[in-house]
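Okay, structure first, notes after.
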Amino acid sequence: MSLEERVASLERELEQLRAEREGAPLVMRDAQGRKRLEFSSSEHDHALKFFNSSGTLALSIGVDGTECGYIGICNAEGKVVAKLDVEQYGARLELLDSHWDSDSAVVIHGNDCDNAGGLILVLPPDDGPALEICCGDKAPDGT
């Protein structure tokens, strides 16, 4: 094969690789092949993800479909246990239970949907009543 043919062949392979990478996540791996960092982008999420030494998701920073930012912090098993995000009405901090089967959490809103000035929710692990603390002129029931 001539030099020109080899160059043309390499250019075709390069174009094929570029087409395959379009829209695919960019992944960095360590010497053992474990995922360490990933940048992914889709229609509704653009995220930079960091992985711990075993290759499990540890931290995610991104922009969601509402064009608002978020940070998610995971435990050693990769479950999100703390999340800071921005909604259309303000910031929200969620501190979640680290157990897979529990929905308990503490949620702090910088401003709730009714512009009450802030809201703290403590959600129990069962279907029991939640504790709501409203900071502002309106109570959680709107009164």
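From a predicted model like this one, the values you see are computed outputs, not experimental measurements.
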Output the rest of the hydrophobic cluster of Val7: all Ile, Leu, Val, Met, Phe, Trp and Tyr residues reachable through side-chain heavy-atom contacts under 4.5 Å, sorted by chain and number.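 Grouped by the 4.5 Å side-chain rule, Leu3 form the rest of the cluster around Val7.
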Show me the donor-acceptor pairs, under 3.5 Å and distance only, between side chains in residues 46-54 and residues at least two apart or in other chains.
residue: His46; atom: ND1; partner: Ser41; partner atom: OG; Å: 2.5
residue: Asn52; atom: OD1; partner: Ser54; partner atom: N; Å: 3.0
residue: Asn52; atom: OD1; partner: Ser54; partner atom: OG; Å: 2.8
residue: Asn52; atom: OD1; partner: Gly55; partner atom: N; Å: 3.2
residue: Asn52; atom: OD1; partner: Thr56; partner atom: N; Å: 3.0
residue: Ser54; atom: OG; partner: Thr56; partner atom: OG1; Å: 3.3

Sequence neighbours left out, what passes side-chain contact (heavy atoms from CB on, under 4.5 Å) with [X]? Give chain and number order.
| X | answer |
| --- | --- |
| Arg6 | Met1 |
| Ser2 | Glu4, Glu5 |
| Ala8 | Arg12 |

Quick one: are Arg92 and Val107 in side-chain contact, heavy atoms under 4.5 Å?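 Yes - at least one pair of side-chain heavy atoms lies under 4.5 Å apart.
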Are Leu131 and Leu121 close enough that some pair of their side-chain heavy atoms sits under 4.5 Å apart?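 No, too far: nothing below the 4.5 Å cut-off.
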Partner set under salt bridge (Lys or Arg N to Asp or Glu O under 4.0 Å) for Arg29, not counting sequence neighbours: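 Residues passing salt bridge (Lys or Arg N to Asp or Glu O under 4.0 Å) with Arg29: none at all.
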Which atom pair, heavy atoms only, marks the closest approach of Asp45 to Asp64?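 Closest heavy-atom pair between Asp45 and Asp64: OD1-CA, 4.0 Å.
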Between Leu57 and Leu59, which heavy-atom pair has the shortest distance, and what is it?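 For Leu57 versus Leu59, the nearest heavy atoms are CD1-O, 3.7 Å.
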Let's go through Leu96 and Val80 carefully: what are the C-alpha distance in whole Å and the side-chain angles of both, what is the deciding distance for side chain to side chain contact (heavy atoms under 4.5 Å, CB included) to 0.1 Å, and is it a yes or a no? CA-CA 7 Å; Leu96 309 170; Val80 176; 4.3 Å; yes
Please check if Tyr70 and Phe39 belong to a single hydrophobic cluster, counting links between Ile, Leu, Val, Met, Phe, Trp and Tyr side chain heavy atoms closer than 4.5 Å.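 Not linked; separate clusters.
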For the atom pair CD1 (Ile73) and CD (Glu94), what is the distance rounded to the nearest 0.5 Å?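 Ile73 atom CD1 to Glu94 atom CD measures 12.0 Å (nearest 0.5 Å).
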